Amino acid sequence: MVAAGNRWGVSGGAAVAPPDVEELNFELTDDQRRVRDVAREFAEAELGEKIAPYDERHEFPHAIVAKLGELGFLGVLVDPEYGGAGLDYVSYALIVEELNRGDASVGITMWAHNSLCTNHIALFASPGLKRQYLPPLAQGQVLGAWGLTEPGSGSDAAALRTRAALTGDTWVLNGSKAFITNATVAGTAVVMARTDPEKKSRGISAFILEKGMPGFSAGTPYRKLGLHASDTAELIFEDAQVPAGNLVGERGEGFVQAMQVLEGGRIAMAAMGVGIAQAAVDAAARYMKQRTAFGRTLAEFNGLRGMIADLATEIEVARLLMLRAAWLKDQGQPAMHAAAMAKLFASEIAMKAATKAVQIHGGAGYITEFPVERIFRDAKLTEIGEGTSEIQRMVIARTILGD
Ligand SMILES: Cc1cc2nc3c(=O)[nH]c(=O)nc-3n(C[C@H](O)[C@H](O)[C@H](O)COP(=O)(O)OP(=O)(O)OC[C@H]3O[C@@H](n4cnc5c(N)ncnc54)[C@H](O)[C@@H]3O)c2cc1C
């Protein structure tokens, strides 16, 4: 307890609350706890080892993703007026963490659907487009994809080359998008294309495309390092015909919209990192109690106990950064800087925790029988997707240096 009359001029202790106690509240609300628990129970019952066969077969788990829809997890941020759950970002981050703790392939599927495609429409589309596209997305009848990255542009997203030209009442798109999550399984996609080449980033617009529109298709799913049960492929536009009304917001606003979508997306990617890191430590702790060496369990070796303690501490830091960024978003405050910090730290902890968890397993960590092998492969994506670690450092440094 801090003594009365200290240099901060506060009494401290339980008897007198510090003046700013209400602003520093770490309690989740009952509703936030409830949704987190539902997500945790679902992940424990339906993900984890049940996903391993899908991962091995590189197969998209349609039945499991359909259950996410039944639980309302495919319309988390969507207003109830459009069929969603209308939850806050803190609740969303908690759900994303728990699902990724269960399995990151399912986690990234849900993230791209909610954070990117659905949220782009919810934030920027006209009421008519929202009425048309949000209810089936929010209720999980249709999956969503979001295309910004191209074969020639990722970090430098404003250099994208997909063209959209207005011909009568139809936009005609030509080009392609690379590395798109849910590309072959999505019924709806939001894509950014260049409408005014001379205007650089202000010449980019966003469009809603539907599976089956003439000239619009997806490529063959990539074979990936990890996230084998998620779907990632190219989106291809060959004179793709998009109704004029499917322009999202104003012409030329697509890039600015995309950057705002990424702000929320990075918070969810931070939650993905926290979930993966937690899964790694869960698995390592389980193994340490079972495995014996030199007549003792691994859990009795101080070197390994220290490793687990350090990881648990760093995961808690990542979780706090993630929740703070989500809270800022819920308060309507600028969150770009906080989201970049949370995403950077959480993704690097995910990779570190996965690496240490494999180490704690020894040889067992290197074979597919144990979950840490999959967690290790999956973790890497969090340092790449939604802006690499280098790009997050660029965003953070820019704010600090004011340039
Ligand atoms: C599994 C998976 C799913 C994905 N899902 C989607 C999706 O749904 N939608 C979507 O639009 N995209 C998606 N992406 C794409 C992802 O966002 C990009 O891969 C990422 O932004 C990096 O872009 P890039 O691959 O073109 O790398 P590059 O931009 O070519 O970067 C290569 C390297 O150079 C570094 N670098 C680049 N610029 C700088 C700089 N200025 N300073 C310092 N270093 C720099 C990068 O950090 C990286 O290390 C996905 C990617 C993967 C792998």
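No experiment lies behind these values; they were computed from the predicted model shown. Ligands are counted one by one from 1 in listed order, and the atoms in each one are counted from 1 as well.
- Partner Phe207 forms a ring pair (Phe, Tyr, Trp, His ring centres under 6.0 Å) with one of Trp146, Trp171, Phe237 and no other, that one being Trp171.
- Using cut-offs of 30° and 60° for the angle between ring planes, the Tyr222 and Phe179 rings count as tilted.
- Counting heavy atoms from C-beta outward, Arg202 and Val256 have side chains that approach closer than 4.5 Å.
- Between Arg374 and Asp103 there is a salt bridge, since a side-chain N of the basic residue sits under 4.0 Å from a carboxylate O of the acidic one.
- Salt bridge status for Glu263 with Lys329: present, with a side-chain N to carboxylate O gap under 4.0 Å.
- Here the side chain of Glu300 pairs a donor or acceptor atom with the backbone of Thr297 at under 3.5 angstrom.
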Considering only N or O atoms, set out every pair between ligand 1 and the protein closer than 3.5 Å, with distances to one decimal place.
{"residue": "ligand 1", "atom": "5 (N)", "partner": "Phe179", "partner atom": "O", "Å": "2.9"}
{"residue": "ligand 1", "atom": "5 (N)", "partner": "Thr181", "partner atom": "OG1", "Å": "2.8"}
{"residue": "ligand 1", "atom": "8 (O)", "partner": "Thr181", "partner atom": "N", "Å": "3.1"}
{"residue": "ligand 1", "atom": "8 (O)", "partner": "Thr181", "partner atom": "OG1", "Å": "3.4"}
{"residue": "ligand 1", "atom": "9 (N)", "partner": "Trp146", "partner atom": "O", "Å": "2.9"}
{"residue": "ligand 1", "atom": "11 (O)", "partner": "Leu148", "partner atom": "N", "Å": "2.9"}
{"residue": "ligand 1", "atom": "11 (O)", "partner": "Thr149", "partner atom": "N", "Å": "3.0"}
{"residue": "ligand 1", "atom": "11 (O)", "partner": "Thr149", "partner atom": "OG1", "Å": "3.2"}
{"residue": "ligand 1", "atom": "12 (N)", "partner": "Thr149", "partner atom": "OG1", "Å": "2.7"}
{"residue": "ligand 1", "atom": "14 (N)", "partner": "Phe179", "partner atom": "O", "Å": "3.2"}
{"residue": "ligand 1", "atom": "23 (O)", "partner": "Ser155", "partner atom": "N", "Å": "3.4"}
{"residue": "ligand 1", "atom": "26 (O)", "partner": "Gly154", "partner atom": "N", "Å": "3.4"}
{"residue": "ligand 1", "atom": "29 (O)", "partner": "Ser155", "partner atom": "N", "Å": "2.9"}
{"residue": "ligand 1", "atom": "29 (O)", "partner": "Ser155", "partner atom": "OG", "Å": "2.6"}
{"residue": "ligand 1", "atom": "47 (O)", "partner": "Thr388", "partner atom": "OG1", "Å": "2.6"}
{"residue": "ligand 1", "atom": "47 (O)", "partner": "Glu390", "partner atom": "OE1", "Å": "2.6"}

